[in-house]
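All remarks here apply to the structure that follows.
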Amino acid sequence: MKLSTFFLNTLKEEPRDAEVISHKLMLRAGMIKKLASGIYSYLPYGLLALRRVETIIREEMNAAGAQELLLPAVQPAEIWKESGRWAVYGKELLRFFDRKGAEFAIGPTHEEVITDIVRDHVHSYKDMPLNLYQIQTKFRDEIRPRFGIMRAREFIMKDAYSFDADDESAEKSYKAMFSAYERIFSRCGLRFKAVEADSGPIGGSFSHEFMVLAETGEDSILSCSRCTYAANQEKAEVAKPDVYSWEDALDGSPREVHTPHIRTVQEVCEFLDIQPQNLIKTLVYTTEKGPVAVLVRGDHDVNETKLCRVLGCENLELADEVFIQEHTGAPRGFAGPLGLKMPMVADTALLKNGPFVAGANREDYHITDVWLTRDARIQSVEDIRAAIEGDSCPRCPTGKLQVIRGIEVGHVFKLGTKYSSSMNALFLGEDGSLNPIIMGCYGIGVGRTVAAAIEQYHDEHGIIFPPAVAPFQVLVLPISLGDTKVMETAGALYDAFKDRGIDPLMDDRDVRPGVKFKDADLIGVPIRITVGAKDLAGGYVEIKNRGQGTIEKVAPDRAVEYCIEQLQHKGMMFDRTD
RNA sequence: CGGGGCGUAGCGCAGUCUGGCUAGCGCACCUGCCUUGGGAGCAGGGGGUCGGAGGUUCGAAUCCUCUCGCCCCGACCA
C-alpha cells in the first residue's frame, strides 16, 4: 500500500474528548472516528488492525473445532420473553418497534438466537458436542460509554456457544475454549492473565476472564505472589484467618461510651484514638428476603457480589436513613451487632484481633470491648469483604495477594441449562431420556483487544503495534522522491516484500522527512526501512525496530531477509496455524 | 439518574463576563516559490447558518428562555 493514496489522516494535536492513551492514539493515528457517543467508525487503518485480530480468532476457533455462522443483529422480543431476559435485561437492551408495531431489540448478545437455532436442529446426543461462533456487531446501551472503542455501545464481538450432552463433555468444551483463548492472546503478542470470575446470576461452576495487563485497565485483579491464583475483584476470595481463642476474649466486657455526633469510621477512630481495624462497621442492607445487617472491619469494604451469593438473594441495596432509624433505633452511623433485631452476617476478619468497637444502636453512643462471637448473636460468619492488597492467598499457605490492573478482553463461562431449559432446547440421550442441552458461552471483545494492545504497547511518540496485530508489518520510507536511486531501491524493496507475502506500507508522499518519521512512529509499524541518498552511497539502508528502538545498517539486497528474520526471531511474525 | 464542564472551519482554541465595522488564531487543506534525515520558511487562497429554536435589542457568537449533543466524576453494569 502506498501512503500517497491510502486513506489515512493523522492528527498532530490531541483530541479533546479522549481520556485514555489507546483512545487518543487511535484517533490520532486515523484508526477510528466517533459518530455518536459510544459509536465509532473504523477507518481503513483501524479496520486492518481489527481484521488481524479477527483472523487470529477465526483460525484458533476453527482449529478448536468451532464452526462460524452469522446471526441477525435485530432480534424479535419473543425469544427474549421466552428466555425471561426481556424483563430482566433493563435499559441496556435497545428496544424498538417495527412498522407493524412488533417489538424488537438490537442484540447485545446472542444466547436466545443461537438456542433457537439449536433447538430446531439438534435432537440427539449424537449431534454433540457442537460449538458455533459468530463475529459481529452488537449493541449495549451503556449508561456511560467511555474510553473510545474500549467501552463503546456498538462493538464487535466474537461469541461462541458450546452444546454438550453431559457435564463431562461440557467441561471438555470449556477447557478447549480456554486453551484456544490462551493461544489467541499469545498470538496477538499480548501480556495477559486468565482470572477466576464470578459467573453471576447465570450460575455454573466455571468462569474465567482473560485480562490484558495494563496500568490503565478498568478492572482490578487480585493475584497471588506465590501460586497461580488470580481472580477479579468481584470474585477474589480471602483466606480464613486464625480464630481468636476464648482466653483472649475474656478480658473486658462491653461498655457503652458517649460519642456525640461521631458517626463515620474516621471520626470514631479519632475520637476514641483507635485504628479502623479495631472497629466493626455495621451496614444495613435490604434484600428481597428482608433486611440484613452486614458486619465488616472498619478498614474493609463489603464485596456485594460475594454477599449476594452468601445470602442467596438477587437484589441488594443499602438501606436508607429512615429504614435504619426504624430498624436499629438510631440514626445512620450508630448501628452495631449488639441487640440488633435482624439477621446478621459477619466477615471472617472479625474472628480475629478483638476486641472491637461497634455502634450501640443508640444515638451518640458506641460500645467498646466487643468480642463478636461472645457478645453478639451472629447467624453466620462468611467471606464477604473485598479482597485487598496484602491479604493472604486463599489457595496457598504463604502467598499474599497483590492488586494488578487489567482490561477484560475475553470471558468464558458455563451457562448450564439456563437457556436450553427456558427455551426448550432438548435432546434425546443414549438411554432415551429427554434432557436440556448443556451450554457454554465464550466471548472476545475484538475492538477492545485492539485497544488493549495499544494500551499495553505504546510510548510518547505513538503506537508500537505487536506485529501480529499491526496493519502493516513493514514501512518503506524513501527520504527524497526526487532521487532516482532512492526511489528505485525503495520500489525494489517494496516489490520484494510483496513477493514474500508481506504487505508493506510505502511512504511515497512528497513531504519532508520529519513528517514521515513522526507519522511512522505514531502509527506504530513494527519495522521501518529508511532509504536515503547518503546511506545508499555508503551501501546500506537503515532498519529501525519500533519496539526496541534499535537501528541497523543493512545492505539493500539483504534488507528484506533481515526484516523477516527480525519479525520471526523476535517472535513478532504473524504466525499462521492453518 | 445526581454533580460539574463544554458546543465558534476537519482538528485544537481565542472572542462571550462588559452586545457594535467584514468573526479571529494555530494545525490540516489548495496554488506558487523555496526546501528535503525528526512535524521547515515565504507569499497568496478556500472553507463558518458561532449546536438548534424562540425572545430582548437599532444591532446578538456575546443577554434571556427552551431544546439537542458531547465530555468528566459518581451511582450502575457484560
Side-chain angles (χ1 to χ4, degrees), chain A residues 7-20 23-24 27-30 33-40 43 85 88-93 107-111 138-148 150-153 155 157 159 197-202 207 209-210 218-219 232-234 304-305 308 315-318 407-413 415 441-445 448 460-462 477-483 486-487 507 509-523 528-538 540-542 544 549 551 553:
Chain A
F7 185 74
L8 180 73
N9 276 296
T10 57
L11 299 173
K12 266 186 218 178
E13 277 162 308
E14 290 212 334
R16 190 175 55 138
D17 289 345
E19 192 75 5
V20 297
H23 189 196
K24 285 180 187 167
L27 288 167
R28 286 191 56 209
K33 175 164 165 49
K34 183 172 75 183
L35 180 64
S37 178
I39 300 178
Y40 288 83
L43 305 179
R85 288 209 291 183
V88 187
Y89 217 98
K91 288 191 176 168
E92 230 174 76
L93 182 64
T109 173
H110 285 73
E111 280 85 3
K138 310 205 177 197
F139 193 94
R140 290 179 195 168
D141 201 355
E142 290 264 355
I143 294 174
R144 186 144 92 83
R146 55 187 129 172
F147 307 144
M150 274 235 273
R151 198 181 171 101
R153 293 144 89 201
F155 55 99
M157 191 164 172
D159 249 331
D198 187 69
S199 39
I202 294 164
S207 179
E209 290 175 344
F210 283 78
E218 250 193 300
D219 299 302
N232 69 10
Q233 182 71 64
E234 283 184 347
E304 294 187 359
T305 307
C308 253
N315 300 309
L316 190 66
E317 222 173 314
L318 272 173
I407 301 162
E408 185 194 344
V409 289
H411 196 170
V412 293
F413 58 98
L415 287 174
C441 151
Y442 318 90
I444 293 180
R448 188 183 274 191
E460 67 272 28
H461 302 295
L477 193 157
I479 292 292
S480 164
L481 296 198
D483 188 308
V486 166
M487 292 315 289
D507 195 346
R509 296 175 300 171
D510 189 12
V511 294
R512 297 171 64 84
V515 176
K516 297 188 181 189
F517 291 139
K518 289 289 184 190
D519 273 342
D521 288 345
L522 175 61
I523 66 175
R528 185 188 85 193
I529 307 182
T530 310
V531 184
K534 282 178 209 152
D535 287 353
L536 276 186
Y540 56 87
V541 294
E542 189 186 273
K544 180 180 176 186
I551 294 178
K553 294 175 157 90

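Here the structure is a predicted model, which is why all the values come from computation and not from measurement. By convention in this document, chain letters (A, B, ...) are assigned in the order of the sequence lines, proteins followed by strands, and residues within each chain are numbered from 1.
For the P atoms, the distance linking B:rU67 with B:rC1 amounts to 13 Å, nearest Å. Separating the C1' atom of B:rA28 from that of B:rG45 is a span of 14 Å, rounded to the nearest Å. For B:rC64 and B:rU18, the P atoms lie 10 Å apart once the distance is rounded to whole Å. For the C1' atom pair drawn from B:rU49 and B:rG7, the interatomic distance equals 16 Å after rounding to whole Å. Comparing the same atom, P, in B:rG46 and in B:rG26 gives a spacing of 15 Å after rounding to whole Å. With both ends at atom C1', the span from B:rA60 to B:rG51 equals 16 Å, rounded to whole Å. Nucleotides B:rG54 and B:rA61 place their P atoms 14 Å apart, quoted to the nearest Å. Going from the C1' atom of B:rG24 to that of B:rA14 covers 7 Å, rounded to whole Å.
Among residues two or more places apart in sequence or in another chain, the side chain to side chain contact (heavy atoms under 4.5 Å, CB included) test is passed with A:Thr10 by A:Leu8, A:Asp519, A:Leu522, A:Ile523. Evaluation of the side chain to side chain donor-acceptor pair (under 3.5 Å) rule for A:Lys34 yields no partner, not counting sequence neighbours. With sequence neighbours left out, A:Asp507 forms a side chain to side chain donor-acceptor pair (under 3.5 Å) with A:Arg509. For A:Glu234, the side chain to side chain contact (heavy atoms under 4.5 Å, CB included) partners two or more places apart in sequence, or in a different chain, are A:Asp198, A:Asn232, A:Thr305. Scanning for side chain to side chain contact (heavy atoms under 4.5 Å, CB included) contacts around A:Pro513 gives A:Ile479, A:Phe517, with sequence neighbours left out. For A:His23, the ring pair (Phe, Tyr, Trp, His ring centres under 6.0 Å) partners two or more places apart in sequence, or in a different chain, are A:Tyr40. Under the rule for a ring pair (Phe, Tyr, Trp, His ring centres under 6.0 Å), the partners of A:Phe210 that lie at least two apart in sequence or sit in another chain are A:Phe178, A:Tyr181, A:Phe185. Partners of A:Glu542 under the side chain to side chain contact (heavy atoms under 4.5 Å, CB included) rule, at least two apart in sequence or in another chain, are A:Arg528, A:Thr530, A:Asp535, A:Ile551.
Pair check for B:rU36 finds none; no Watson-Crick or G-U wobble contact set falls under 3.5 Å. The pairing partner recorded for B:rC27 is B:rG10, the criterion being a Watson-Crick or G-U wobble arrangement whose two distances lie under 3.5 angstrom. For B:rG46, there is no paired nucleotide, since no Watson-Crick or G-U wobble pair has both relevant distances below 3.5 Å. In this entry B:rG2 has B:rC73 as its Watson-Crick or G-U wobble partner, both defining distances falling under 3.5 Å.
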Can you tabulate the close N/O pairs, meaning under 3.5 Å, that link protein atoms to atoms of nucleotides 68-73 of chain B?
{"unit_1": "B:rC70", "atom_1": "OP1", "unit_2": "A:Ser37", "atom_2": "N", "d": "2.9"}
{"unit_1": "B:rC70", "atom_1": "O3'", "unit_2": "A:Lys34", "atom_2": "NZ", "d": "3.0"}
{"unit_1": "B:rC70", "atom_1": "O2'", "unit_2": "A:Asp17", "atom_2": "OD2", "d": "3.1"}
{"unit_1": "B:rC71", "atom_1": "OP2", "unit_2": "A:Ser37", "atom_2": "OG", "d": "2.9"}
{"unit_1": "B:rC72", "atom_1": "OP2", "unit_2": "A:Arg144", "atom_2": "NH1", "d": "3.4"}
{"unit_1": "B:rC73", "atom_1": "OP2", "unit_2": "A:Arg144", "atom_2": "NH1", "d": "3.0"}
{"unit_1": "B:rC73", "atom_1": "OP2", "unit_2": "A:Arg144", "atom_2": "NH2", "d": "2.5"}

Nucleotide N/O to protein N/O under 3.5 Å, stretch nucleotides 33-36 of chain B:
{"unit_1": "B:rU35", "atom_1": "O2'", "unit_2": "A:Arg512", "atom_2": "NH1", "d": "3.3"}
{"unit_1": "B:rU35", "atom_1": "O2", "unit_2": "A:Arg512", "atom_2": "NH1", "d": "3.1"}

N/O contacts under 3.5 Å, protein versus nucleotides 27-30 of chain B?
{"unit_1": "B:rC27", "atom_1": "O3'", "unit_2": "A:Lys12", "atom_2": "NZ", "d": "3.1"}
{"unit_1": "B:rA28", "atom_1": "OP1", "unit_2": "A:Lys12", "atom_2": "NZ", "d": "3.3"}

Expected rows: protein N/O vs nucleotides 43-45 of chain B N/O, under 3.5 Å:
none

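Protein atom CZ of A:Arg28 is 12 Å distant from nucleotide atom C1' of B:rG12, rounded to whole Å. Atom CG of A:Leu11 and atom C1' of B:rG12 are 10 Å apart (whole Å). B:rA75 atom C1' lies 11 Å from atom CD of A:Glu304, rounded to whole Å. Rounded to an integer number of Å, the gap from NZ of A:Lys516 to C1' of B:rG37 is 11 Å. Between the C1' atom of B:rC76 and the CG atom of A:Leu318 lies a distance of 14 Å, rounded to the nearest Å. Between the C1' atom of B:rG37 and the CG atom of A:Leu536 lies a distance of 13 Å, rounded to the nearest Å. Nucleotide B:rG39 holds its P atom 10 Å from the CZ atom of A:Phe517, rounded to whole Å. Following rounding to the nearest Å, A:Asp507 (CG) and B:rG38 (P) show an atom-to-atom distance of 15 Å.
Using a 4.0 Å heavy-atom distance criterion, A:Tyr89 is classed as a sugar-phosphate-only contact.
At a threshold of 4.0 Å, the pair A:Arg146-A:Glu19 does not count as salt-bridged, since none of the basic side-chain nitrogens sits closer than that to a carboxylate oxygen.
For A:Arg528 against B:rG38, a side-chain N or O and a base N or O form a donor-acceptor pair under 3.5 Å. Side chain A:Glu14 to base B:rG12: no donor-acceptor pair is found below 3.5 Å.
Scanning both residues, A:Ser207 and A:His411, for their nearest heavy atoms gives OG-NE2, 2.8 Å.
In A:Glu317, the CD atom is not crowded: 12 or fewer heavy atoms of neighbouring residues, nucleotides or ligands sit closer than 6.0 Å.
Side-chain atoms of A:Arg151 do not come within 3.5 Å of backbone N or O of A:Pro145 as any donor-acceptor pair. Checking side-chain atoms of A:Lys91 against main-chain N and O of A:Ile143 turns up no donor-acceptor pair under 3.5 Å. Proximity of a side-chain donor or acceptor of A:Arg153 to a complementary backbone N or O of A:Ile39 within less than 3.5 Å is not detected.
Contact check for A:Val20 versus A:Glu218: no side-chain heavy atoms found under the 4.5 Å cut-off. Considering only heavy atoms from C-beta on, A:Lys138 comes within 4.5 Å of A:Asp159 through its side chain.
Nearer to the 5' terminus of RNA chain B, by closest-nucleotide assignment, is the contact made by A:Val515 (compared with the other of A:Val515 and A:Arg151). Closest-nucleotide positions on RNA chain B for A:Lys91 and A:Thr109 were compared, and the one nearer the 5' end corresponds to A:Lys91.
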